[in-house]
Amino acid sequence: MALQLHNSLTRRKEEFTPLEKGRVGIYVCGPTVYGHAHLGHAKSYVGFDVLVRYLRYLGYHVTYVQNITDVGHLTDDADAGEDKIAKAAARERKHPMAVAEFYTRSFFEDMDQLNCVRPDISPRASGHVIEQIELVRTLLDKGHAYEVNGSVYFDVATFKEYGKLSGRNTEEMVAGARVEPSPDKRNPVDFALWKKAEPNHIMQWPSPWGMGYPGWHLECSVMAMKYLGKTIDIHGGGLENQFPHHECEIAQSEAANNAPFVRFWLHNNMVTVDGQKMGKSLNNFITLKQAFTGSHERLTRYYEPLAIRQLVLNSHYRSPLDFSDAALYAANSGYQRIAETVKDLRKRLKAAPEGPMDEDVAGQLEALKTRFEEAMNDDLNTSVALSVLFDLVRVTNTLAAAGSATGSTLGAVDDLFTRLGGDVLGVVKSEYAETAGGNDEAVGKLVAILIDQRAAARKNKDFTTADAVRKRLDEAGIVLEDTPQGTQWRWK
RNA sequence: GGCGGCGUAGCCAAGUGGCCUAAGGCGACGGUUUGCAAAACCGUUAUUCCUGGGUUCGAAUCCCAGCGCCGCCUCCA
């Protein structure tokens with residue numbers, strides 16, 4: 001079975017084929033950089049990261065574009081709204097571009113931690129104002145837009161297909177609107193392409209309509225078509241952007257180009273924390289940096305970035321995901337189980353005897369690989385794909401317990417972990433630190449002293465002392481394991 | 001008010017007409033192993049899928065009603 005993806009445009013799973021054989025262009029709506037990335041970003045970008053990784057696994061040459069929104073958009077669609085980045089700039093007493101730069105770097109750091117592959121192009125909206133003005137001119141020339149008092153609006157009445165993505169019709173939207181329509185608009189559903197800037201607006205550019213700044217749907221249209229062409233294979237984003245953002249992108253792009261804008265629209269579902277929408281007022285707003293360090297009152301401990309990644313992949317990208325300390329804790333345990341198995345496997349691989357590949361194991365690996373691919377082909381069912389990885393863990397540990405596997409057999413197992421768990425899911429690292437405290441030599445040395453002391457006590461059958469050492473280390477977060485190869489330690 | 005989604009074991013979660021007397025993970029319990037543990041392995045942990053009707057030879061899966069939860073309609077991943 002070939003790869004099937006759920007297309008929001010048709011609300012169905014469809015077989016994915018790229019426009020150009022062997023090559024895929026994908027555009028994903030990136031963050032507005034006015035704060036640190038949070039758990040919602042993790043779900044969204046891990047989800048699309050796995051899509052990109054899987055397309056590459058299938059042999060496609062993928063061009064992955066993910067924008068950085070560094071031109072603040074309005075905090076609402078009425079003229080009174082504030083610019084989010086300008087607001088952050090005022091708060092932090094920095095230039096807006098300094099704010100954008102700071103949080104852009106923070107975002108990349110966090111995404112690296114989550115093991116998301118960097119996009120091929122991370123275009124900044126502020127670097128594409130010229131192209132945005134060009135698109136506005138085209139839309140004006142074609143009669144799809146009109147200027148009023150230095151602002152330009154898209155004339156939704158001229159684009160009959162408006163609403164096809166989100167399944168809305170314009171009459172309903174007018175009836176249910178919660179925002180007072182701007183008096184400048186011909187029609188309440190019209191949206192801004194270019195906004196006139198008041199003199200005190202920090203970020204503004206000269207345009208044929210005077211000083212102003214781009215409307216908030218424009219950048220994605222412009223950057224997607226600049227780097228991927230008039231019709232792109234895949235456009236991804238969060239469900240909350242389906243309307244109005246993506247609907248407006250379609251209208252602008254298709255009205256300007258007379259060509260379909262996107263062939264496959266993919267939407268990620270949302271994140272809740274402890275069952276509720278994540279929001280600053282609910283005190284359940286958790287940034288990734290807080291999760292990585294455990295510095296949030298809703299968390300009982302720190303969580304490894306890859307454990308968070310694993311929790312994301314444990315559910316489907318189109319299902320909502322509830323982050324809770326209990327769910328994170330469970331994902332962390334599962335992640336450690338896989339990591340410990342792979343570490344142990346690689347240790348054994350170094351010392352494994354030469355010999356032929358075990359045919360029986362080869363058959364099992366082949367079956368697992370098939371199940372994995374079938375799951376991923378079914379609209380990226382990462383939950384089932386992960387379960388395959390756990391089955392591989394069991395196969396591996398059973399093999400390890402038997403102790404007689406050859407290097408070629410263990411090598412094939414490691415290869416499958418690397419390809420499925422590493423290349424595609426991104427939860428298996430290519431290299432793990434040699435010892436648990438690999439990044440803290442002093443701790444390693446201290447623990448080694450205690451392990452020696454305990455070993456001496458055990459030799460004398462003084463188990464009271466031996467157990468006391470182990471217990472006190474455990475209380476300090478260090479777990480001792482006695483194995484045939486000696487005593488190992490790791491962080492809890 | 002309009003639109004959409006969800007409700008599966010103690011928890012997370014896949015499955016969306018027969019292969020389901022329902023994957024996988026976490027947790028718990030029992031066994032093997034261990035000085036005792038840990039880790040690992042083996043086994044147990046939902047005859048049942050929110051409730052009540054209906055369609056069907058057959059439903060967790062389709063339809064209707066009810067209850068509960070969530071999201072979008074304003075910036076948000």
Side-chain angles (χ1 to χ4, degrees), chain A residues 11 28-32 34-35 37-48 69 72-78 81-84 87 166-169 171-180 216 236-245 267-272 275-279 310-311 314-316 318-324 326-338 340-341 344 371 375 378 381-391 393-394 396-398 400-402 458 461-464 466-467 470-471 474 479-484 487-490 492:
Chain A
R11 293 164 186 78
V28 173
C29 285
T32 303
Y34 65 104
H38 52 69
L39 294 173
H41 293 102
K43 175 165 168 67
S44 186
Y45 298 125
V46 166
F48 291 115
T69 297
H73 294 310
L74 298 180
T75 50
D76 66 47
D77 210 13
E82 281 184 275
D83 174 317
K84 284 180 293 189
K87 205 172 162 183
S166 52
R168 290 157 204 265
N169 65 58
E171 292 83 54
E172 276 172 4
M173 288 188 292
V174 174
R178 299 202 309 234
V179 176
E180 275 302 303
W216 53 278
L239 198 56
E240 82 291 346
N241 274 332
Q242 191 173 44
F243 186 88
H245 187 54
H267 289 97
N268 258 115
N269 215 312
M270 311 288 285
V271 153
T272 52
Q276 286 178 299
K277 180 177 174 161
M278 188 167 71
Q310 186 155 314
L311 177 57
N314 186 231
S315 67
H316 191 87
R318 283 192 291 113
S319 301
L321 169 61
D322 185 46
F323 276 99
S324 62
L328 279 163
Y329 191 90
N332 192 254
S333 300
Y335 166 71
Q336 296 298 346
R337 178 169 148 82
I338 295 172
E340 292 302 319
T341 297
D344 182 63
R371 271 217 290 141
D378 183 16
N381 191 335
T382 52
S383 185
V384 169
L386 251 189
S387 80
V388 172
L389 213 59
F390 278 106
D391 287 343
V393 164
R394 185 163 294 120
T396 308
N397 285 329
T398 302
R458 290 177 75 206
K461 302 262 186 266
D462 177 8
F463 295 120
T464 313
D467 290 351
R470 186 171 62 197
K471 184 162 182 288
D474 184 79
V479 180
L480 296 190
E481 296 177 2
D482 299 324
T483 75
T487 300
Q488 316 277 329
W489 74 274
R490 62 181 167 82
K492 221 195 276 189

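Computation of the quantities below employed the complete heavy-atom set of this structure, encompassing side-chain atoms and omitting hydrogens, waters and symmetry-equivalent molecules. Every chain is numbered from 1, with letters handed out A, B, ... down the list of sequences.
Under the 4.5 Å side-chain criterion, counting only non-hydrogen atoms from C-beta, A/Leu311 is in contact with A/Leu328.
For A/Arg318, the side chain to side chain contact (heavy atoms under 4.5 Å, CB included) criterion is met by A/His6, A/Lys13, A/His316, A/Asp379, not counting sequence neighbours. For A/Ser324, the side chain to side chain donor-acceptor pair (under 3.5 Å) criterion is met by no residue, not counting sequence neighbours. Residues passing the side chain to side chain contact (heavy atoms under 4.5 Å, CB included) test with A/Met270 are A/Leu239, A/Glu240, sequence neighbours excluded. Looking at residues two or more places apart in sequence or on another chain, you find no ring-ring contact (aromatic ring centres under 6.0 Å, His included) involving A/Phe323. Considering only residues two or more places apart in sequence or on other chains, A/Val384 meets the side chain to side chain contact (heavy atoms under 4.5 Å, CB included) condition with A/Ala375, A/Asn381, A/Ser387. Residues passing the side chain to side chain donor-acceptor pair (under 3.5 Å) test with A/Asn241: none are found, sequence neighbours excluded. A/Asn332 pairs by the side chain to side chain contact (heavy atoms under 4.5 Å, CB included) definition with A/Arg301, A/Tyr303, A/Glu304, A/Ala307, A/Gln336, not counting sequence neighbours.
Of the candidates B/rC41, B/rG35, B/rA14, B/rA14 carries the atom nearest the A/His316 side chain, counting heavy atoms from C-beta on. With B/rG35, B/rA77, B/rA13 as the candidates, the nucleotide lying closest to the side chain of A/Asp467 is B/rG35. In this structure, of B/rA39, B/rG15, B/rC41, it is B/rC41 that holds the atom nearest to the side chain of A/Val393.
Once the 5.5 Å centre distance and the 30° plane angle are applied, the aromatic ring of A/Tyr45 is found not to be stacked with the base of B/rA77.
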Close N/O contacts between protein and nucleotides 5-9 of chain B (under 3.5 Å):
none

Give me the distances for all protein-to-nucleotides 22-26 of chain B N/O pairs that come in under 3.5 Å?
{"residue": "B/rA23", "atom": "N1", "partner": "A/Ser383", "partner atom": "OG", "Å": "3.2"}
{"residue": "B/rG24", "atom": "N2", "partner": "A/Asn314", "partner atom": "ND2", "Å": "3.3"}
{"residue": "B/rG25", "atom": "OP1", "partner": "A/Arg394", "partner atom": "NH2", "Å": "3.1"}

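Rounded to whole Å, the separation between the C1' atoms of B/rG18 and B/rA59 comes to 10 Å.
At B/rA77, one or more side-chain N or O atoms of A/Thr32 fall inside 4.0 Å of OP1 or OP2 (strictly under the cut-off).
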